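These notes concern the structure reproduced below.
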Amino acid sequence: MTNALARTAGPVTRRWLIGAALAALLPWTGAHAQNYPDHPVRLIVPYGPGQGTDTVARILAERLTTALKQAVVVENRPGAGGNIGAEVVAKAAPDGYTLLMGTNATNAANAALYSKLPFNHVQDFAAVSLVCKLPMIMMAAPGFKPIAVPALVQDAKTHPDTINVGLPSTSAEVILAEFKRISGARLYPVKYTSSGQAITDMVGGRLQLAIDTLAAALPQIKAGKVQAVAISSAARNPALPDTPTFAQAGLPGFDLSPWNAVYAPKGTPAPIIDRLNKEINKILADPAVQERLRNLGVEPDGGTPAQMQAFTVSETQKWGELIRAAGIRAQ
């Protein structure tokens, strides 16, 4: 009807119709962003409750609720290595009310792990901010020897595939692949579907080693139920200052940590992205939040949307190269 009116109307009427059509778009870039948010925001976690990403998301959501003066509700959508939850956000309205707590899996590694994804992990998302890095740790069952990495490597070379290591995630598989590539040691992989199962088997003596996020392993380490071997990041973690990094333990160049970041659907107005980025960075700079995260073995981060977008691209290349070199595929 509007097109027909435009064809038959005079110049003044046509200008008015065009102006009205353009004005209809303004709420997405003007008033809509200024009033944001005026109802609750969903923060989609693409994994189950209790995992490291979920814990970080709930800490962030709690503080964002205060900052935005609207409830930020964590919604768990696990499955398919995080792809189910990520797809929810990729196909959501670009209005800032559906956000993703993305990870190195959903927004980097899965592009190499899966032959086909229901979304483009770069093009279908607008990066908001890096939130934190979650270093991974190799841990050993009580009483397991050798505990030092050089002795472990030597034993694994002398008796290949006799030391088993639990792997509850693809990230853990990549860490093991990097360990084997640099050290030349052969450990026998045992895949698990959850962190809890792997740790239970290790505490029970049915598993010798496991690799998991420090956030998942820290309670068991502090309780003395498992032994810390080495951490995957470039620097030691304040939560376990006496535990060496793999690089310090004799595997030069080892530096690989999963991460969490907030993403919005592509097309989300820039003022909304900027508002979220500003609030998230303020939260991450709060000493109380930093202490809370570091007590979980998590390193708070931050940065601009542009930095996060560039980081997504570089991490896609980094994790993709490691995955393809190791021949890892999604289960």
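Everything quoted here is computed from the prediction, not taken from an experiment. All residue numbers refer to positions in the sequence shown, counting from 1.
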Do [X] and [Y] have side chains that approach each other closer than 4.5 Å (heavy atoms only, starting at C-beta)?
X	Y	value
Gln220	Met139	no
Pro46	Glu87	no
Ile211	Leu209	no
Leu60	Asn260	no
Arg294	Glu299	yes
Pro300	Val289	no
Val203	Val226	yes
Asp286	Arg63	yes

Please state whether the rings of Phe119 and Phe125 are parallel, tilted or perpendicular, taking 30° and 60° as the class boundaries. perpendicular

Just by distance, with hydrogens left out, do Tyr263 and Asp124 show a side-chain donor and acceptor under 3.5 Å apart? no

Do Thr103 and Tyr47 have side-chain N/O donor and acceptor atoms under 3.5 Å apart? yes

Between [atom1] on residue [X] and [atom2] on residue [Y], distance to nearest 0.5 Å:
X	Y	atom1	atom2	result
Asp274	Thr268	CG	OG1	11.5 Å
Ile44	Leu99	CD1	CG	8.5 Å
Asn104	Trp319	CG	CH2	4.5 Å
Met202	Tyr192	CE	OH	9.0 Å
Asn76	Gln51	CG	CD	9.0 Å

Is there a path of hydrophobic side-chain contacts, each under 4.5 Å between heavy atoms of I/L/V/M/F/W/Y residues, joining Val122 to Ile323? no

Same cluster for Val313 and Trp259 if Ile/Leu/Val/Met/Phe/Trp/Tyr side chains link at under 4.5 Å? no

Does [Y] offer a backbone N or O that forms a donor-acceptor pair with the side chain of [X] under 3.5 Å?
X	Y	value
Ser129	Val131	no
Asn110	Gly81	yes
Lys225	Pro219	no
Thr106	Gly102	no
Asn164	Leu207	no
Arg329	Ala112	yes

For residues 142-156, which side-chain donor-acceptor pairs fall under 3.5 Å, sequence neighbours excluded?
from   : atom 1 : to     : atom 2 : distance (Å)
Gln154 : NE2    : Thr158 : OG1    : 3.3
Asp155 : OD1    : His159 : ND1    : 3.1

Electrostatic pair Lys191:Glu173 at N-O distance under 4.0 angstrom: yes

Quick one: side-chain contact (heavy atoms from CB on, under 4.5 Å) partners of [X], sequence neighbours excluded?
X	value
Ala71	Pro40, Val73
Ser169	Met136, Ser171, Ala172
Arg181	Glu178

Atom of [X], atom of [Y] and distance for their closest heavy-atom approach:
X	Y	result
Gly96	Ile272	CA-CG2, 4.0 Å
Ala80	Ile84	CB-CG1, 4.0 Å
Asp161	Leu187	OD1-O, 3.9 Å
Val56	Met101	CG1-CE, 4.2 Å
Asn237	Pro135	ND2-CG, 3.5 Å
Ala228	Ile137	CB-CD1, 3.7 Å

Listed partners of [X] passing side chain to side chain donor-acceptor pair (under 3.5 Å), at least two apart:
X	value
Asn295	none
Gln309	none
Gln227	none
Ser257	none

Tell me the salt bridge (charged side-chain N to carboxylate O under 4.0 Å, His left out) pairs involving residues 48-60, sequence neighbours left out? Asp54-Arg58

By the salt bridge (charged side-chain N to carboxylate O under 4.0 Å, His left out) test, which pairs, at least two apart or in different chains, include something from residues 201-216? Asp201-Arg206

Got more than 12 heavy atoms from elsewhere within 6.0 Å of [atom1], [X]?
X	atom1	value
Lys180	NZ	yes
Lys318	NZ	yes
Glu291	CD	no

Atom pairs and distances, side-chain donor-acceptor, residues 245-252, under 3.5 Å, sequence neighbours left out:
from   : atom 1 : to     : atom 2 : distance (Å)
Thr245 : OG1    : Ala247 : N      : 3.4
Thr245 : OG1    : Gln248 : N      : 3.0
Gln248 : OE1    : Arg236 : NE     : 2.8
Gln248 : OE1    : Thr245 : N      : 3.1

Working for side-chain contact (heavy atoms from CB on, under 4.5 Å), residues Ile59 and Leu296: CA-CA 11 Å; Ile59 293 172; Leu296 295 171; 3.7 Å; yes

Which is it for Leu276 and Tyr36 under the side-chain contact (heavy atoms from CB on, under 4.5 Å) test, yes or no, and what are the steps along the way? CA-CA 10 Å; Leu276 289 167; Tyr36 173 85; 3.6 Å; yes

Is there a ring pair (Phe, Tyr, Trp, His ring centres under 6.0 Å) between Phe254 and Phe179? Walk through the geometry before answering. CA-CA 8 Å; Phe254 201 116; Phe179 179 91; 7.2 Å; no

Under the salt bridge (charged side-chain N to carboxylate O under 4.0 Å, His left out) test, which residues partner Lys282, sequence neighbours left out? Glu279

Intermediate values then yes/no, side-chain contact (heavy atoms from CB on, under 4.5 Å), Leu130 and Leu284: CA-CA 10 Å; Leu130 182 62; Leu284 295 174; over 6 Å; no

Apply side-chain contact (heavy atoms from CB on, under 4.5 Å) to Val88 and Arg42, showing your working. CA-CA 11 Å; Val88 169; Arg42 294 191 301 164; 4.2 Å; yes

